[in-house]
Amino acid sequence: MSLPPLATVAALEPRIGVSVGSLAGDDLTRAVGALADASALVRDEGLPWVDEDGETITAPAAVMVVVLRAARREYLNPEELSNESVGSYSNGRAREAASVYLTAGEVAIIRRAAGKSLGGSALSIRTPSAYASPALPADPVVLELP
């Protein structure tokens, strides 16, 4: 069963700079695809966020924002170009990542919304240095030998 996107084209349109309801044809197809791809990545990190009917979206607002951000990146940059400029020199090239991607911050938002752990726990273990001389006790113990 194919799950519906976690956000709508109508919610994406203002974020890509067009009026709601104005996307049509190939542009609409690209927008739907970008939302489907972004939703799949978000679900992979979180939960399905769809009701038992298979159509009603139950994702929290923060998750929808992440979907819209990722879909916007894909829609506005379908060639996956990255650009750098120094003075009059400019160079553009394809990104190494998949066209739709999630930032580390977005993954944290999704996992928090899903109630998932953000990773392992941090532990601090201290051991004496092998290079430092051992500390002497404040009152040294003197042993007398017979």
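All values derive from a computational prediction rather than experimental measurement. Quick note: residue numbers are just sequence positions, from 1.
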Side chain to side chain, Leu28 and Val32, heavy atoms closer than 4.5 Å: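 Yes, their side chains come closer than 4.5 Å.
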Short question: side chain of [X], backbone of [Y] - any donor-acceptor pair under 3.5 Å?
X     : Y     : value
Asp51 : Asp53 : no
Glu74 : Ala38 : no
Glu13 : Gly21 : yes

N-O pairing of Glu106 and Arg73 below 4.0 Å: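 Yes, this pair counts.
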Taking it one step at a time, do Thr56 and Trp49 satisfy side chain to side chain contact (heavy atoms under 4.5 Å, CB included)? CA-CA 9 Å; Thr56 305; Trp49 283 303; over 6 Å; no
Closest heavy-atom pair and its distance - [X], [Y]:
X      : Y     : answer
Ala113 : Val63 : CB-CG2, 3.6 Å
Val50  : Gly54 : CG2-C, 3.5 Å
Val67  : Ala7  : CG1-CB, 4.0 Å
Pro14  : Ala11 : CD-O, 3.6 Å

How long is the span from the [atom1] atom in [X] to the [atom2] atom in [Y], to the nearest 0.5 Å?
X      : Y      : atom1 : atom2 : result
Leu23  : Arg30  : CG    : CZ    : 9.0 Å
Arg111 : Leu102 : CZ    : CG    : 11.5 Å
Tyr75  : Leu12  : OH    : CG    : 8.0 Å
Leu3   : Ile57  : CG    : CD1   : 7.5 Å
Ile16  : Leu68  : CD1   : CG    : 10.5 Å
Leu35  : Thr8   : CG    : OG1   : 7.5 Å

If we count only N and O atoms by modelled type, under 3.5 Å, do the side chains of Thr29 and Asp26 hold a donor and an acceptor together?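 The criterion, which ignores hydrogens and geometry beyond distance, is not satisfied for Asp26 and Thr29.
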Among Val66, Val65, Thr103, find the residue that satisfies the side-chain contact (heavy atoms from CB on, under 4.5 Å) test when tested with Ile109.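 When side-chain contact (heavy atoms from CB on, under 4.5 Å) is applied between Ile109 and each of Val66, Val65, Thr103, only Val66 qualifies.
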Please check if atom CZ in Arg69 has more than 12 non-hydrogen atoms from other residues, nucleotides or ligands closer than 6.0 Å.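 No, not enclosed.
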